[in-house]
Amino acid sequence: MNKSRDIYILFFILIAFFIVSVVYLSFGWLDIWGDGLGIITAAAVTLAMYSFLYKDNPVFKIAENLFVGVAMGYSIIIVWFNILKPDVFEALIVPVFKDTGKAPQYTVIVPTLLGLFMFLRFSSKLSWLSRWSFAFIVGMGAGIAIPNFINAILLRQLEPMFAPLYTGSFWGTINTLLVLIGVVSVLFYFFFSLEHKGVIGGVSVIGIWFLMIAFGASFGYTVMARMSLLIGRMQFLLKDWLGIIQ
Amino acid sequence: MNFLKRTVPMSIAFVMGILMAFQYYVPHEASQNLLKVVTKWGMIISGFAMFIGAYSLFHMHWNRIKQKVSGWGYSIFVFFGAGITIIFGLYNGGEFFWDDKQAGTMFDWIFDYVQVPAASTIFSILAFFMASAAYRTFRARNKEATILLISAIIVMLGRVPIGTMISQYIPIAADWIMSVPNLAAKRAILIGVSIGVIATSIKIIFGIERAYLGGGD
Amino acid sequence: MDKLLKIDRRIIFVFVALAVTIPLLFRFKMAVPPTRHVISMYDKINALSEGSHVLISFDYDPSSKEELQPMAVALLHHCFKKNIKVIGMTLYPAGTGLAEKAIKQIGKEYGKKSGEDYVFLGFKAGSSLVIMNMGEDIYTAFQKDFYGKKTVGMEALKGVSSLRDIDYAVNLTAGGIYEAWIVYGREKYNFDLGVGCTAVMGPEMYPFIQSNQLTGFLGGLKGAAEYETLIDHKDRAAAGMSPQSVVHVLVVCFILFGNFLYFKSGRQK
Amino acid sequence: MCLPSFSLCSSGLSGQTHRFAPTQNSKIMNRILFTFVLSILILSYTSTAFAVRGNRLIPPKTFLAFDTPNDSGKSITIRWSASSSESEDVEYVVYASAKKNGPFRTEVLRISSNTMYEEGTDSRYHLVGIEPDKFFKKRASDKDGNGEYFFKLVMSNSDSASVGVIASATPKGNLFNWSRLNNFIIMIIFSILILCCIKHAKRAPSLFIRKIKGLDAIDDALGRATEMGKPALFVHGLNDMDSISTIAAINILGRIALRVAEYDTPLKVSNIYPIVLSVSQEVVKESYLEAGRPDAYVQDNVFLAASEQFPYVVALSGIMTREKPAANFFVGYFYAESLILSETGAATGAIQIAATDAFTQLPFFITTCDYTLMGEELYAASAYLSREPLLLGSLRAQDIAKGILIGVIVFGAFLATCGVHFISLIFKPG
């Protein structure tokens, strides 16, 4: 019985959507040759996604899988036009066969080979070659990361900590002191070589408080973020699609 | 074989790591050119790496269809979506893929009217779950959670215009939370995480950490 | 009592939908006073002279579009109005479509031409590697722009050879890429950096603001709304502030009411 | 390299007038006056030094050019002392030439005279870096080959200008950036620290780690699941096997599986990646073997729930509402789905324990779960349980680094308050 109710709901929504689309197109509120059909498609996709709120259903699943496919297809094409075509195809391959007035950049062979080796990860016999590519990328990343992180995070974040505590105003001084206490106590909380007893225990409890207040801030901001996304979608539905608000 | 499977990749990681770490301290032009060449190579390799994700996705959905796992029918839509997008992308508005990318083609239409609404809607669904969780599960079940919720409420009200209407002190309190306790905790977390990043990088260079090679030594 | 705690979550969903739709339909005005981090970013761009170069990296994909696209639009309005040359790029493949659309549309409003007044460089993979490569030489990183035109000698890039020559860079970020921009960009090549981020990332910007690694940041839709107020071009973000207020109050009420019931019913499981 | 400043010029002139002033010989006076005026006119014409209408600009006393230290060899630094007539409408202009005798036509710098002071000199000196390559074509035909550049500083406002002599320098590439020495030393020390600690941990694997409260909570939760005769559910995060969080999750799963095997409670483990799935199956199987109950291991209980974020949520929500596990463990790296998962779990009344290093998701776990392991606690727990020297050693090394940092911060802030700044000099970013 529940199932038949769901089917009725589905049909009702489909018919309603169809009627709305026909009305909007025939009255010229949405331009059929311009973006009108696109907006109707987008509205359909949006509503299909929201149908998940009622319950997990085939319409949602179809829309979701379609989206996964489209997103992957889009990435592949963009990678071709933005990376492989200008940096590999036109830099290395085209000049070998055609006189473009430019010598082929033979150095590109190295990253191209390493890039192709990555696909051997899925072969059973030659998968060891893919390790060379990963070793190159990961080793390079690790090497670059060490001094840059020491500089940009450790040293640069320590710099403001060495400011004199007394800033000239009472509240300013309190705040500087609180930041100092906060940083030190949170670092203490993530210190694992000593049992959290006595003084260290006390400091780490202060650390937890600071962490909790900070997590509260993140919590508030995350609520804000999700609600903003919803508002954006509602604006699309009410403004771009239905045109109820200006 | 062990030499090619283990020693070579570990030496590559070691040499690249040491070279790039030391590069930072050498300001000479040669060292800058090294960085330029190597990062460019890395960019091209990363471009190829994007296809690995594509391969695993398609491989998995293909297996679902082949093995007729429950709900395998939906996997067809993954191929349908990807296929259509790729075909229009390669067709490139009549100029085909060996020419420069054209603007305003069917490929862009699919992006604008399928991918954009789908992706932005799927995360906005969380807004609803956030509200339901607020009602049913966000509990001040202990001291820590209580502090967290109080701070969250102040920030939530203080960061929207309505906060000022309730009390002029709410935005001030929210601002204080953000720029004093939040700053302190986030800085400590940042420092801790960076030490972790540096430690992991050192372990990778010296071949102690090998998880990235994908196991199966 | 227990019944109230265990209501169907779909009833709550309806409340949320109403809290968002009603304020959108019956618009009541709400002042959005700009906060200091937004003002400092605005001042930075406002102080730039005509013909300066601002780099905007659109590092987000459609899933954060509703928060970051209004920011991008507001920033572009400001730059084009001041005749600042905009260099657009993205480190997310799905960011290309959104970025291109924004730059092109707003450029058209101000009569700007691609290649002359602005350039959209497109996408490159490797995030931090791209940033460093651009820091050394912008023309090796992007030999061609998004439309396949050669970047060398392009009018919009005149006087720019690497990130060092950028007058101001803005990173619109939906994830951790802002950290790469700070660590491998701002600190290595010494340019001024501002961040526009989703609200989720907002609290993480404060340590960087205090250490002067960022000149300012826009946090989520609220940040975009404040920027719209500053450039006097109120659009979607500013319109979104009244439903945002209402829905925040709703969530706060839910938390308070839920906890009230929880404690009233003796905290039993 | 450093040439005499153009202040010589003006002080020379004023000295001359002063010395001859006391003589009463009007002829000489007249001649001197004449020479003086003429010299001013000539000088102004050849633009070496002049002042008009009494509102005379006092030029800087020193003007130096030198190769910028610690750079790639593209830049030259010029430095000059501040002058007392600096104001907003007075400009400094620097001209450059590749030849000693000029002509000085290429303008390489134009700044308002009260800007670009050298840091830490209380606005007593100006310091500017200049890249001559941007203004001059590479001089391949230069026969001297030394690539020396000459600079001339001009101070001017709307109606007057004063000019000095010339400074020159040759840009050179450097082999070590000395301002980054502290960074280099930190890197070397930290590397040695990590290698030593791991070596030490290999010899003494009983390295102390503080008790992590959440681990006791795991046992309690499993105990309750046994009492109620309901299964326990272990949810992997959304990262693949190459992420540290997933490796830590596997170590924790091993411990949970061991307890579960002892208590004889069914354990369900959900995965999103095939590699994580096979590793998890291996680990759970081994734990059952270790507990002496290999027969109780059911392979299908460790399963691939889905391959995408939202389907994963849907599949797990289904399991939670249908089977109502008594204990849920969320371990690994989570994204936005954390909220829906833990909310559904809380609604079914399960005891929930989360462990994640995803700081953006922690607030939601803290408010919906009974116990949460935050950030690095996850790694510590995994090191504590697995006793692997690699994990233990690196955890200890990071602890030592943190300890040093805490000391430096407290000590540095204390000294800075007392007005001593040497700590901040040691840790100055390069």
Side-chain angles (χ1 to χ4, degrees), chain A residues 38 41-42 45-46 49 53 61-62 65-74 77 79 81 83 87 111 114-115 118 128 131-132 134-136 138-140 142-147 149 153 157 175 178-179 182-183 186-187 190 210-217 219-220 223 226-227 229-230 233, chain B residues 4-5 9 12-13 16-17 20-21 24 41 44-45 47-50 52 54 57 74 77-78 81-82 85-86 89 101 111 113-115 117-118 121-128 130 144 147-148 151-152 155-156 177-178 180-182 184-188 192 194 197-198 201 204-205 212-213:
Chain A
T41 315
V45 172
T46 307
M49 288 290 175
L53 291 170
K61 280 186 183 154
I62 290 172
N65 281 287
L66 191 72
F67 154 62
V68 168
V70 168
M72 191 45 87
Y74 188 81
I77 293 294
V79 168
F81 277 116
I83 299 171
D87 292 347
L114 284 174
M118 281 191 161
W128 53 273
R131 294 175 153 210
W132 294 16
F134 287 108
F136 180 86
V138 175
M140 170 175 73
I144 294 175
I146 297 168
F149 266 80
I153 309 279
Q157 289 293 320
N175 283 345
L178 277 176
V179 170
V183 171
V186 173
L187 278 174
F190 290 119
F210 270 95
L211 274 176
M212 289 306 144
I213 298 177
F215 286 152
F219 183 109
V223 171
R226 305 290 182 235
M227 295 304 167
L229 295 182
L230 175 61
R233 289 327 287 162
Chain B
L4 290 174
K5 275 184 177 171
I12 292 177
M16 284 310 293
M20 295 323 286
Y24 182 80
W41 287 7
I44 295 175
I45 300 176
F48 280 102
M50 308 275 302
I52 292 189
L57 182 86
Y74 299 114
F77 287 94
V78 173
T85 320
I86 292 174
K101 187 185 173 305
F111 176 76
Y113 297 119
V114 178
Q115 189 176 347
T121 309
I122 208 160
F123 283 92
S124 74
I125 288 178
L126 284 162
F128 293 98
M130 199 71 96
E144 285 90 33
I147 300 175
L148 193 154
S151 137
V155 169
M156 256 187 269
I177 286 179
M178 296 312 293
V180 178
N182 168 63
K186 291 283 148 71
R187 174 166 289 158
S194 307
V197 169
I198 299 167
S201 301
I204 286 172
I205 292 176
Y212 68 92
L213 289 177

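Per chain, numbering begins at 1; letters A, B, ... match sequence-line order. Bear in mind that the values here come from a model prediction, so they are computed numbers and not experimental data.
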If you compare all heavy atoms of B/Ala184 against all heavy atoms of A/Val179, which two are closest, and at what distance to 0.1 Å?
CB-O, 3.6 Å
Give the member of B/Val180, B/Ile204, B/Leu148, B/Asn182 that has the highest number of heavy-atom pairs under 4.5 Å with chain A.
B/Leu148
Please determine, among B/Glu144, B/Met50, B/Lys186, the option with the most heavy-atom pairs under 4.5 Å with chain A.
B/Glu144
Go through it in stages, so that I can follow the logic: the residues are B/Phe77 and A/Val68, the test is side chain to side chain contact (heavy atoms under 4.5 Å, CB included), and I'd like the CA-CA distance, side-chain angles, deciding distance and then a yes or no.
CA-CA 9 Å; B/Phe77 287 94; A/Val68 168; over 6 Å; no
Distance-only, no hydrogens or angles: does the B/Ser151 side chain make a donor-acceptor pair with backbone N or O of A/Ile213 under 3.5 Å?
yes
Reported CG-to-CE distance for the pair A/Leu230 and B/Met130, which is rounded to 0.5 angstrom
11.5 Å
Greatest number of heavy atom pairs closer than 4.5 Å to chain A - which of B/Ala185, B/Pro117, B/Pro181, B/Ala118
B/Pro117
Looking only at heavy atoms, the pair that brings A/Lys61 and B/Tyr74 closest together is CD-CE1, 3.4 Å
As an exercise: rank A/Trp132, A/Phe190, A/Phe134 by heavy-atom pairs under 4.5 Å with chain B and give me the winner.
A/Trp132
For chain B, the option from A/Gly182, A/Gly139, A/Ala145 that forms the most heavy-atom pairs under 4.5 Å
A/Gly139
Between CG on residue B/Leu126 and CZ on residue A/Arg226, distance to nearest 0.5 Å
5.0 Å
I'd like to know which of A/Val79, A/Asp87, A/Val138 tops the heavy-atom pair count under 4.5 Å against chain B.
A/Val138
At a heavy-atom distance under 4.5 Å, which candidate from A/Leu187, A/Leu178, A/Asn175, A/Leu211 has the highest pair count against chain B?
A/Asn175
Okay, B/Leu57 and chain A: the region with an atom under 4.5 Å from a heavy atom over there is side chain
Can you tell me which of A/Ile83, A/Val183, A/Val186 forms the most heavy-atom pairs within a distance under 4.5 Å of chain B?
A/Val183
Toward chain B, the part of A/Met72 with a non-hydrogen atom under 4.5 Å:
side chain
Where does B/Phe128 contact chain A at under 4.5 Å (heavy atoms): side chain, backbone, both or neither?
side chain
If only atom types and distance count, is the side chain of A/Trp128 paired as donor or acceptor with the main-chain N or O of B/Pro9 below 3.5 Å?
no
Hey, are the side chains of A/Phe219 and B/Val155 touching, using non-hydrogen atoms and a 4.5 Å cut-off?
no
Using every non-hydrogen atom in the two residues, find where A/Gly73 and B/Ile86 come nearest and quote the distance to one decimal.
CA-CG1, 3.8 Å
Considering non-hydrogen atoms only, spot the tightest contact between B/Thr85 and A/Tyr74 and give its length.
CG2-N, 3.7 Å
Please flag which part of B/Val197 lies under 4.5 Å from any non-hydrogen atom of chain A: side chain, backbone, both or neither.
side chain
Interface check, chain B: of A/Pro147, A/Ala214, A/Ala71, A/Ala217, most non-hydrogen pairs under 4.5 Å belong to A/Pro147
Checking heavy atoms, do the side chain of A/Leu53, its backbone, both or neither come under 4.5 Å from chain B?
side chain
Please report the shortest heavy-atom distance between A/Phe136 and B/Ile45, naming the atom on each side.
CD2-CD1, 3.6 Å
Heavy-atom pair of closest approach, residues B/Ile122 and A/Met49
CD1-SD, 4.1 Å
